[in-house]
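Beneath this line is the structure, given in structure tokens, with notes to follow.
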Amino acid sequence: MKNIIDGKIMVIKNKKDYYRIKDETILIVKNTTPDITIIINKIKAIVTEIDNKLCHAAIIAREFNIPLLMGINNVTEKFKTGDRVIIDFDNKNIEKIK
Amino acid sequence: MINLLKHTYLLNIKEIKNNIELFWSRYQDILNNKKSSWDDLNEARAILYFLGYLYPEKIVLDSLAGRIKYIKPFIDLDTFLLAIDTNNKEILKKYENNQKFSTLKEFYLIIKSIKNRVKNKTYLDEGRFDKLYSKLKPQDYF
């Protein structure tokens with residue numbers, strides 16, 4: 001079975017962006033901060049620029065069983081909030097759905 | 001920082017915890033002291049960078065990766081971290097009497113406690129730090 005998720009994204013540029021999340025979403029972020037916990041049940045997946053097993057995103061994803069794709073360079077610049085994307089976790093790939 | 005590194009090499013859990021709390025305490029003192037100078041604030045900045053990033057994400061990660069291979073039966077780092085973070089009872093039970101596993105687990109939990117620390121509603125009290133930093137930053141900063 002392929003490890004694929006699709007959905008609408010929210011690009012997190014600062015902590016206040018977390019508070020704007022109303023519906024289930026895929027987070028696109030450099031790294032997460034503990035502010036994420038306020039909307040943790042709305043997160044479908046997390047995509048980060050940072051790639052580290054002990055970064056905050058990695059810990060929170062393990063704790064809450066959230067799919068996580070790390071190490072995607074400039075992902076917060078390549079996509080914008082509201083885009084629909086498809087994430088292939090096996091191939092470490094994220095693409096915009098046109 | 002040398003002391004913390006020394007005790008990390010020794011995997012002296014009690015001293016690792018003590019040294020982390022000493023850094024945190026000094027960081028808080030700087031933020032709490034209305035007479036803190038630009039020099040002091042840069043000490044706080046160094047602590048913030050060290051505790052929030054350099055120590056856990058570089059030094060501790062290397063330490064865990066280097067030590068996990070000594071645990072028998074074998075467990076890889078991803079499985080170890082996931083077992084602790086999800087409280088996987090099957091794996092934790094398998095290693096419950098394994099001293100090396102228990103020590104690494106304790107080490108990781110201490111690191112998690114600093115990685116997830118929130119004070120004054122911001123991660124590692126960064127809100128207060130940022131405010132003070134902006135206030136004290138010299139006009140001719142270079």
Side-chain angles (χ1 to χ4, degrees), chain A residues 1 3 5 10-21 27-73 75-76 87-92, chain B residues 8 16 20 48-68 75-89 91-92 104-131 134:
Chain A
M1 199 176 81
N3 198 4
I5 283 179
M10 166 72 93
V11 180
I12 304 292
K13 297 275 188 179
N14 62 61
K15 293 167 196 168
K16 288 177 187 167
D17 291 336
Y18 287 113
Y19 297 84
R20 294 169 46 216
I21 294 171
L27 281 193
I28 305 286
V29 64
K30 284 186 178 174
N31 191 10
T32 57
T33 64
D35 302 85
I36 195 175
T37 52
I38 55 158
I39 44 90
I40 201 77
N41 58 349
K42 293 192 172 78
I43 300 172
K44 199 172 180 184
I46 304 171
V47 181
T48 66
E49 294 185 4
I50 193 169
D51 188 0
N52 188 286
K53 292 177 202 293
L54 295 193
C55 73
H56 184 263
I59 295 171
I60 209 90
R62 286 192 296 268
E63 286 180 341
F64 290 91
N65 195 27
I66 299 168
L68 171 68
L69 180 61
M70 291 196 289
I72 306 300
N73 289 336
V75 71
T76 57
I87 304 170
D88 179 345
F89 290 90
D90 294 331
N91 293 307
K92 286 195 75 168
Chain B
T8 303
I16 289 170
I20 287 174
L48 185 59
Y49 181 69
F50 191 71
L51 285 188
Y53 170 68
L54 198 55
Y55 183 66
E57 294 192 22
K58 298 292 180 191
I59 296 164
V60 171
L61 184 57
D62 281 353
S63 177
L64 288 172
R67 285 186 158 105
I68 197 86
I75 184 169
D76 65 53
L77 185 56
D78 287 337
T79 309
F80 170 83
L81 296 171
L82 191 62
I84 295 166
D85 288 339
T86 58
N87 196 25
N88 183 317
K89 291 194 171 28
I91 293 175
L92 296 180
L104 273 197
K105 180 185 169 191
E106 201 180 344
F107 180 35
Y108 175 51
L109 291 177
I110 289 168
I111 301 315
K112 263 180 71 167
S113 79
I114 192 72
K115 281 297 290 181
N116 288 333
R117 189 166 294 182
V118 172
K119 177 126 192 204
N120 295 313
K121 295 182 181 173
T122 59
Y123 177 53
L124 295 176
D125 214 352
E126 279 180 337
R128 269 201 317 156
F129 170 82
D130 289 344
K131 267 188 193 168
S134 301

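Residue numbers begin at 1 in each chain, while the letters A, B, ... track the order of the sequences.
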- Query: Side chain, backbone, both or neither: which part of A/N31 has a non-hydrogen atom closer than 4.5 Å to chain B?
  - Reply: side chain
- Query: Has the side chain of B/D85 got a donor or acceptor atom that lies under 3.5 Å from a matching backbone atom of A/R62?
  - Reply: no
- Query: For the candidates B/N87, B/I84, B/D78, which exhibits the highest count of non-hydrogen atom pairs separated by less than 4.5 Å from chain A?
  - Reply: B/D78
- Query: Given B/E126 and A/T33, is the side chain to side chain contact (heavy atoms under 4.5 Å, CB included) satisfied, shown in steps?
  - Reply: CA-CA 11 Å; B/E126 279 180 337; A/T33 64; 5.5 Å; no
- Task: State whether the number of non-hydrogen atoms from other residues, nucleotides or ligands found under 6.0 Å of B/K131 atom NZ is greater than 12.
- Result: no
- Query: Distance from A/I59 atom CD1 to B/L81 atom CG, nearest 0.5 Å?
  - Reply: 8.5 Å
- To the nearest 0.5 Å, what is the distance between CG (A/L54) and NZ (B/K112)? 10.5 Å
- So which part of A/I50 gets closer than 4.5 Å to some heavy atom of chain B, the side chain, the backbone, both or neither? side chain
- Item | Spatial distance of atom OG1 (B/T122) from atom NZ (A/K15) [nearest 0.5 Å] | 5.5 Å
- Top contributor to chain A contacts, counting heavy-atom pairs under 4.5 Å, from B/N116, B/L124, B/V60: B/N116
- Check the surroundings of atom NZ in A/K13: do more than 12 heavy atoms from other residues, nucleotides or ligands lie under 6.0 Å from it? yes
- Message: In the structure I gave you, are the side-chain heavy atoms of B/Y53 and A/N52 within less than 4.5 Å of one another anywhere?
- Response: no
